[in-house]
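From a predicted model like this one, the values you see are computed outputs, not experimental measurements. Within every chain, numbering begins at 1; the chains are lettered A, B, ... in the order of the sequence lines, protein sequences first and strands thereafter.
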Number of protein chains: 2
Amino acid sequence: MKKGLTEICYKFFTNLANPTRLAVLEKLMENPMSVNALAALLGQEQSMISHNLKPLLRCKLAFSERQGKKRVYSANRETVSMLFKAVENHAEKYCPSGGRCLKGEKMKNG
Amino acid sequence: MKKGLTEICYKFFTNLANPTRLAVLEKLMENPMSVNALAALLGQEQSMISHNLKPLLRCKLAFSERQGKKRVYSANRETVSMLFKAVENHAEKYCPSGGRCLKGEKMKNG
DNA sequence: TATACATATGAATTTTTATTCATGTAAACG
DNA sequence: CGTTTACATGAATAAAAATTCATATGTATA
């Protein structure tokens with residue numbers, strides 16, 4: 001493993017280890033949208049979405065662009081799809097029947 | 001994104017979002033070893049290593065096998081290398097000069 | 001089978017992270 | 001330029017994780 005990667009990995013995975021941020025990324029993978037659109041879709045407060053978008057932007061897992069009075073967020077499709085795919089591959093191989101091996105502990109939300 | 005994957009991703013990334021566990025995985029990628037060997041190498045208490053190995057095993061990010069009175073742990077090389085590679089790719093492209101873009105927040109250890 | 005070695009577990013505490021609520025700021029548009 | 005819309009930020013609180021220390025369990029072997 002490359003030196004310094006551990007620290008980057010830590011920030012990275014810490015960033016992803018959150019149901020709200022994962023849900024945001026999932027939505028943004030479907031299509032780019034505004035903070036309020038995300039908040040509405042996910043049934044969460046606008047400020048919570050904003051707070052959670054920040055670390056995603058910082059790590060460049062998401063991008064943003066102003067469009068008129070809105071600000072449109074989009075996912076870093078390359079990285080995000082690669083990561084999700086890695087997890088999906090693992091799950092298929094090691095967590096048959098949809099991660100039932102992880103049963104018992106539920107996600108903080110939904 | 002496949003349904004149910006969000007939850008698996010959450011457990012997954014939560015598992016990886018920890019400096020001790022990342023360090024453990026890094027060592028185990030070099031070669032399989034016992035709990036005490038890990039503890040010695042990482043300068044951590046044995047119980048801490050044990051506690052942190054548990055979730056890695058649960059998610060099958062690591063495996064274990066008894067060898068005499070020791071228990072030898074090994075990394076799931078396939079998954080771990082894929083994940084690390086994904087992060088490395090991202091870092092190269094989006095975090096030039098070794099993740100300096102992530103500066104300011106240090107890892108809990110290291 | 002008593003002892004030592006290797007690891008696991010439990011529970012209390014500390015640390016980190018998330019969430020909420022109130023408020024601040026910035027662009028658009030009348 | 002004041003008002004509305006859209007979003008960001010700060011600070012307090014709440015929730016979740018990590019760490020530590022004490023102790024239990026399990027295996028080999030004298």
Side-chain angles (χ1 to χ4, degrees), chain A residues 6-7 10-25 27-28 32-59 61-74 102 104-110, chain B residues 6-7 10-25 27-28 32-59 61-74 102 104-110:
Chain A
T6 304
E7 185 150 350
Y10 171 65
K11 296 191 196 298
F12 222 83
F13 294 133
T14 297
N15 210 330
L16 291 164
N18 177 290
T20 302
R21 288 193 290 274
L22 285 172
V24 162
L25 282 179
K27 286 298 169 200
L28 293 182
M33 63 184 90
S34 71
V35 174
N36 278 329
L38 281 166
L41 270 173
L42 300 175
Q44 306 266 245
E45 300 239 340
Q46 170 267 314
S47 72
M48 185 172 163
I49 301 297
S50 271
H51 275 304
N52 279 291
L53 277 167
K54 199 153 84 161
L56 292 175
L57 286 176
R58 187 172 43 72
C59 274
L61 285 163
F63 307 112
S64 84
E65 184 198 358
R66 186 169 276 285
Q67 271 181 27
K69 78 170 58 169
K70 296 193 174 181
R71 179 170 287 277
V72 175
Y73 287 86
S74 57
L102 305 170
E105 291 127 86
K106 290 230 86 174
M107 216 160 66
K108 282 171 264 183
N109 303 343
Chain B
T6 304
E7 187 150 349
Y10 171 65
K11 295 193 197 295
F12 223 82
F13 294 132
T14 297
N15 210 331
L16 291 164
N18 177 289
T20 302
R21 289 194 289 275
L22 284 172
V24 163
L25 282 179
K27 286 299 168 198
L28 293 181
M33 64 184 88
S34 71
V35 175
N36 277 329
L38 281 166
L41 271 174
L42 299 175
Q44 306 266 248
E45 300 240 341
Q46 169 270 314
S47 72
M48 186 174 164
I49 303 296
S50 271
H51 275 305
N52 280 291
L53 277 166
K54 200 153 84 162
L56 292 176
L57 286 176
R58 187 173 43 72
C59 273
L61 285 163
F63 306 113
S64 84
E65 185 197 357
R66 186 170 275 284
Q67 271 179 26
K69 80 172 54 172
K70 296 191 173 181
R71 180 170 286 277
V72 175
Y73 287 85
S74 57
L102 305 169
E105 291 129 86
K106 289 231 85 172
M107 215 162 67
K108 282 171 261 180
N109 303 341

For a quick test of reading the model: is some side-chain N or O of A:T20 closer than 4.0 Å to OP1 or OP2 of C:dT19? yes

Quickly work out the B:M48 CE to C:dG10 P distance and round it to whole Å. 19 Å

Atom-to-atom span, NZ of B:K69 to C1' of C:dT7 - whole angstrom: 12 Å

Between A:N36 and D:dC7, is there a contact of a side-chain N or O with OP1 or OP2 at under 4.0 Å? yes

Nearest-Å distance for atom pair CZ/P, residues A:R71 and D:dT9: 9 Å

Do the non-hydrogen side-chain atoms of B:V24 and B:Y73 ever get within less than 4.5 Å of each other? no

So, is A:K54 close to the D:dT9 phosphate, meaning a side-chain N or O under 4.0 Å from OP1 or OP2? yes

Between B:N18 and D:dA18, is there a side-chain N or O to OP1/OP2 distance below 4.0 Å? yes

I'd like to check, for A:H51, whether its ring lies over the base of C:dT19 with centroids under 5.5 Å apart and a plane angle smaller than 30°. no

Verify the contact: side-chain N or O of B:R66 to OP1 or OP2 of D:dG26, cut-off strictly under 4.0 Å; return yes or no. no

Less than 4.0 angstrom between a side-chain N/O of A:Y10 and OP1 or OP2 of D:dA18, yes or no? no

For A:S34, answer base if it contacts any base atom (sugar-phosphate contacts may also be present), sugar-phosphate if it contacts only those atoms, and nothing otherwise; contact means non-hydrogen atoms under 4.0 Å. sugar-phosphate

Does A:S47 contact D:dC7 through a side-chain donor or acceptor facing the base, at a distance under 3.5 Å? no

